[in-house]
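Okay, structure first, notes after.
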Amino acid sequence: MKLSEQIQDQQIRLNIAQDCVKLMEAQVEAKTGVTGILFKTLYKGIKSISPNYTQKAIFGLIPSISQALNPLWDEGIEKGNPVTYLQSNPTLTANTILSVTDERIKKTANKIIKVSYEKIRNSLQDEIEQVVPQLAEILGKYAKKEK
């Protein structure tokens, strides 16, 4: 079963979005220096749009991201464990996720979100690669187990 099929349930998507928000907030909070100031300021600005904006955005991205991750997930199943496979391929996993978010940003009418994303886009590759292990665990936690 494809990853996108395993996590299409609304409650599962909501749980994934909530866990991803916690992961993202921890990542932003841990940032220091100039980069930390930039990330914290941008995140605070995004939250000022709506306190739940991040969760809603992630919830909305899950179908597209899981669809994009399907080939990697399938390859991981073939190799024995899709979570471990994603974790061992953080660059590929991050590139796959960023290809989806880049496309979504191109279509957004929200200038604050677009400008914020563009300011940090060059740093996002490393940021996402760093959290791939936890993100893979989140996906594995909610993916339906095949019988």
*Could you please spell out the steps behind the side chain to side chain contact (heavy atoms under 4.5 Å, CB included) verdict for Ile7 and Ile16?*
CA-CA 9 Å; Ile7 62 173; Ile16 291 170; 3.9 Å; yes

*Give a yes or no answer on whether the side chain of Asn70 reaches the backbone of Ser4 with a donor-acceptor pair at less than 3.5 Å.*
yes

*asked:* Tell me if a side-chain donor or acceptor on Asn89 pairs with a main-chain N or O of Leu92 at a distance below 3.5 Å.
replied: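 Answer holds: no.
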
Could you list the donor-acceptor pairs under 3.5 angstrom formed between side-chain atoms of residues 112-120 and any protein atom two or more places apart in sequence or on another chain?
from	atom 1	to	atom 2	distance (Å)
Ser116	OG	Ile112	O	2.8
Tyr117	OH	Thr101	OG1	2.8
Tyr117	OH	Asp102	OD1	2.4

Is any side-chain heavy atom of [Y] closer than 4.5 Å to one of [X]?
X	Y	result
Pro82	Leu3	no
Gln18	Ile58	no
Val131	Gln134	yes
Arg13	Pro63	yes
Gln55	Leu14	yes
Glu129	Gln125	yes

Between atom [atom1] of [X] and atom [atom2] of [Y], what is the distance when rounded to the nearest 0.5 Å?
X	Y	atom1	atom2	value
Gln67	Lys2	CD	NZ	8.5 Å
Ser48	Tyr53	OG	OH	11.5 Å
Gln10	Ile12	CD	CD1	10.5 Å
Met24	Thr54	CE	OG1	4.0 Å
Gln6	Ser66	CD	OG	9.5 Å

*Derivation and outcome, side chain to side chain contact (heavy atoms under 4.5 Å, CB included), residues Glu25 and Tyr43*: CA-CA 9 Å; Glu25 287 178 346; Tyr43 189 64; 2.8 Å; yes

*Excluding sequence neighbours, so at least two apart, what forms side chain to side chain contact (heavy atoms under 4.5 Å, CB included) with Ser123?*
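Residues passing side chain to side chain contact (heavy atoms under 4.5 Å, CB included) with Ser123: Phe39.
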
What is the minimum heavy-atom distance between [X] and [Y], and which atoms define it?
X	Y	value
Met1	Ile77	O-CD1, 4.4 Å
Gln87	Pro133	NE2-O, 3.0 Å
Leu124	Leu98	CB-CD2, 3.9 Å
Pro90	Val132	O-CG2, 3.8 Å

*Yes or no on side chain to side chain contact (heavy atoms under 4.5 Å, CB included) for Tyr85 and Glu78, after CA distance, side-chain angles and deciding distance?*
CA-CA 10 Å; Tyr85 186 76; Glu78 289 174 18; over 6 Å; no

_Walk me through whether Thr84 and Lys79 qualify under side chain to side chain contact (heavy atoms under 4.5 Å, CB included)._
CA-CA 9 Å; Thr84 303; Lys79 297 200 184 263; over 6 Å; no

*Contact list for residues 28-42, test side-chain hydrogen bond (donor to acceptor under 3.5 Å, both in side chains), sequence neighbours left out*: Lys31-Glu127

*Thinking salt bridges, do Lys106 and Glu103 make one under a 4.0 Å N-O criterion?*
yes

_Verdict with reasoning, Gln11 to Asn15, per side chain to side chain donor-acceptor pair (under 3.5 Å)_ = CA-CA 6 Å; Gln11 187 60 51; Asn15 292 341; 3.0 Å; yes

*Are Ile105 and Ile49 in one and the same hydrophobic cluster, where Ile, Leu, Val, Met, Phe, Trp and Tyr link if side-chain heavy atoms are under 4.5 Å apart?*
yes

*asked:* Are Phe59 and Leu135 connected into the same hydrophobic cluster when the rule is that any two of I, L, V, M, F, W, Y join if their side-chain heavy atoms are below 4.5 Å apart?
replied: no

*Among Asp19, Leu86, Val83, Ile62, which one satisfies side-chain contact (heavy atoms from CB on, under 4.5 Å) with Leu139?*
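Going through Asp19, Leu86, Val83, Ile62 one by one, the side-chain contact (heavy atoms from CB on, under 4.5 Å) with Leu139 is satisfied by Leu86 alone.
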
